[in-house]
Amino acid sequence: MDAPATAFSFAPIQTLQHDRARQIRTVIQPAAPHPVGAPEPPSTAAADYCLAHHVLEGAEAAARVRDTATFDWYATHPDADVATLSAPTAVGPRIVVAPDLDSLPRSAISETPYYVLGPDSTSAPADLRELAAAAYATGARSGFAELLAAHAVVLVLLRHKQLGDTLDSWTITRLPGTVFCDHVGEPVVLGRDLIHEAGHNWLNDALAATATKLSDEARFLSPWKKTMRPAFGFLHACWAFPLTMLYTARVLPQTSGAVHRFLAAYLDQQRDLLATTTDDHTRALDLIPDTGLRQRLHAVHHEALSL
């Protein structure tokens, strides 16, 4: 398998996204017709899947506090008003927002702050939309178009930081296809973090689509966390970090100056960390029953080890 060029096309994920989006729409609009016909293109199904989860989360929160107006907005905007919020990118229309961080909710659904699209959502300022579009373009040119198209539909930009600062980024399972990222104003760096978090979204969907249940009993030493982790967290790290390594190796020749030094140091660091996972990764893959998923995880890890 040519990783990652063929790694991201995985039929069970496309089926999952199509079916889940349709199920959520049926819940939100039970009286509306939901025609059954030819499958949507993967990019459309992925966007519908992502936005449907925002609508479901927002509608549920509104219902809990009896906010009828907001609940009704979701019922009449089952696509989270995508036409108003989306901006063109190399991988299709994306929603890029930059909310006030102090207003981001925290609740039992996530260990980290999160953001749900709703009636008060507005697009990020033009300069941040341009930054995001350039980051998506860089990722697409580097072989990650399919990953970004299907698993980074909504981008929530967090803090602007300086190159060399610790950059926080995350995803949450309740909002698949959504990525939360700090940024330094450099598209090539944001592209790296988009790919990392989109990779987490991909693997969450792949595990769900193949009904893979990973026991917490087996533990593996994570060089990134410097602790023993369950198979779920270990395999996530051994997938997402290699993806960023492959991306970084491809874009590095196109960079210069401080950005080049930053990315080169990152790649060197990741090489050393990944090298320590070889034996444990083989053991962890034995816990994945689906052959196609297991092959994809192995291929990306193996290619990154060869850098």
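Given the structure is predicted, the values throughout are model-derived calculations rather than measurements. Computation of the quantities below employed the complete heavy-atom set of this structure, encompassing side-chain atoms and omitting hydrogens, waters and symmetry-equivalent molecules.
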For this session: Side-chain contact test, heavy atoms from C-beta onward, threshold under 4.5 Å: evaluate it for Tyr49 versus Asp205 and give yes or no.
Result: yes
Exercise. Tell me the side-chain hydrogen bond (donor to acceptor under 3.5 Å, both in side chains) pairs involving residues 62-71, sequence neighbours left out?
Worked result: Glu60-Arg64, Asp67-Thr70
Exercise. Between CG of Leu147 and CH2 of Trp202, what distance do you get to the nearest 0.5 Å?
Worked result: 9.0 Å
Acceptor/donor pairs from residues 233-248 side chains to any protein atom, 3.5 angstrom cut, sequence neighbours excluded:
{"unit_1": "His236", "atom_1": "ND1", "unit_2": "His200", "atom_2": "ND1", "d": "2.9"}
{"unit_1": "His236", "atom_1": "NE2", "unit_2": "Asn204", "atom_2": "OD1", "d": "2.9"}
{"unit_1": "Trp239", "atom_1": "NE1", "unit_2": "Gly199", "atom_2": "O", "d": "3.0"}
{"unit_1": "Thr244", "atom_1": "OG1", "unit_2": "Phe241", "atom_2": "O", "d": "2.7"}
{"unit_1": "Thr244", "atom_1": "OG1", "unit_2": "Tyr266", "atom_2": "OH", "d": "2.6"}
{"unit_1": "Tyr247", "atom_1": "OH", "unit_2": "Val188", "atom_2": "O", "d": "2.7"}
{"unit_1": "Thr248", "atom_1": "OG1", "unit_2": "Thr244", "atom_2": "O", "d": "2.7"}

For this session: Quick one: list whatever passes salt bridge (Lys or Arg N to Asp or Glu O under 4.0 Å) with Asp81, sequence neighbours left out.
Result: none
Problem set entry | Check: Thr277/His301 side-chain N/O donor and acceptor closer than 3.5 Å | yes
Problem set entry | Considering all heavy atoms, the nearest Val154-Leu117 contact | CG2-CD1, 4.0 Å
Problem set entry | Set of residues satisfying side-chain hydrogen bond (donor to acceptor under 3.5 Å, both in side chains) with respect to Asp182, sequence neighbours excluded | Arg159, Lys161
Seminar exercise, completed: Contacts of Thr255 meeting side-chain hydrogen bond (donor to acceptor under 3.5 Å, both in side chains) (sequence neighbours excluded), chain-then-number -> His260
For this session: Would you mind reporting whether Ile288 and Leu207 have side-chain heavy atoms less than 4.5 Å apart?
Result: yes
Exercise. Is Leu214 linked to Leu16 within one hydrophobic cluster, defined over Ile, Leu, Val, Met, Phe, Trp and Tyr using a side-chain heavy-atom separation of less than 4.5 Å?
Worked result: no
Exercise. Taking atom CD1 of Ile195 and atom OH of Tyr136, what is their separation to the nearest 0.5 Å?
Worked result: 11.0 Å
Exercise. Taking only residues two or more places apart in sequence, or in another chain, which ones meet Arg219 in a side-chain hydrogen bond (donor to acceptor under 3.5 Å, both in side chains)?
Worked result: none
For this session: Supply the atom-to-atom distance Trp170 CH2 to Tyr114 OH, rounded to the nearest 0.5 angstrom.
Result: 12.5 Å
Problem set entry | Crowding at NE2, His160 (>12 non-hydrogen neighbours, <6.0 Å) | yes
Exercise. Which residue pairs pass the ring-ring contact (aromatic ring centres under 6.0 Å, His included) test when at least one of the two sits in residues 54-92, sequence neighbours left out?
Worked result: Trp73-His77
Problem set entry | Rounded distance (nearest 0.5 Å) linking atom CZ of Arg192 with atom SG of Cys181 | 9.5 Å
Seminar exercise, completed: For Ala152 and Val179 the tightest heavy-atom approach is CB-CG2, 4.1 Å
Problem set entry | Close side-chain approach of Asp19 to Arg22, heavy-atom, < 4.5 Å | no
Exercise. Any side-chain heavy atom of Asp48 sitting closer than 4.5 Å to one from Gln17?
Worked result: no
For this session: Apply side-chain contact (heavy atoms from CB on, under 4.5 Å) to the pair Leu307 and Gln270, showing each step before the final yes or no.
Result: CA-CA 10 Å; Leu307 293 175; Gln270 294 304 316; over 6 Å; no
For this session: Mind jotting down which residue pairs meet the salt bridge (charged side-chain N to carboxylate O under 4.0 Å, His left out) criterion with at least one end in residues 252-270? Sequence neighbours excluded, please.
Result: Asp268-Arg271
For this session: Of all the heavy-atom pairs spanning Ala304 and Leu274, show the shortest one and how long it is.
Result: CB-CD2, 3.6 Å
Exercise. Would you say Arg296's side chain and Ala7's backbone share a donor-acceptor pair under 3.5 angstrom?
Worked result: yes
For this session: Identify the two heavy atoms, one from Ala264 and one from Leu252, that lie closest to each other, and give their separation to 0.1 Å.
Result: N-CD1, 3.7 Å
Problem set entry | By salt bridge (Lys or Arg N to Asp or Glu O under 4.0 Å) - contacts of Lys225 (at least two apart) | none
Exercise. Who passes side-chain hydrogen bond (donor to acceptor under 3.5 Å, both in side chains) against Glu186, sequence neighbours left out?
Worked result: none
Exercise. At what distance, to the nearest 0.5 angstrom, does CG of Leu157 lie from CG of Leu128?
Worked result: 5.5 Å
For this session: Side-chain contact test, heavy atoms from C-beta onward, threshold under 4.5 Å: evaluate it for Leu287 versus Ser215 and give yes or no.
Result: no
For this session: Nearest 0.5 Å please: distance from the CG atom of Asp168 over to the CG atom of Leu158.
Result: 8.0 Å
Problem set entry | Pairs involving residues 116-130, ordered by first then second residue, that meet side-chain hydrogen bond (donor to acceptor under 3.5 Å, both in side chains) (sequence neighbours left out) | Tyr115-Ser121
Exercise. Taking all atoms of both residues into account, what is the closest heavy-atom pair of Ile28 and Ala59, and its distance?
Worked result: CD1-CB, 3.9 Å
Problem set entry | Over all atoms of both residues, closest heavy-atom pair of Thr89 and Ala133 | CG2-CA, 4.3 Å
Problem set entry | Salt bridge present between Arg283 and Asp286 (N-O < 4.0 angstrom) | no
Seminar exercise, completed: The remaining residues in the hydrophobic cluster of Met228, counting side-chain heavy-atom contacts under 4.5 Å among Ile, Leu, Val, Met, Phe, Trp and Tyr, are Leu221
Exercise. Hey, does Val184 have a side-chain heavy atom less than 4.5 Å from the side chain of Asp165?
Worked result: no
Exercise. With a 4.5 Å heavy-atom cut-off, do Thr171 and Thr178 have their side chains touching?
Worked result: no
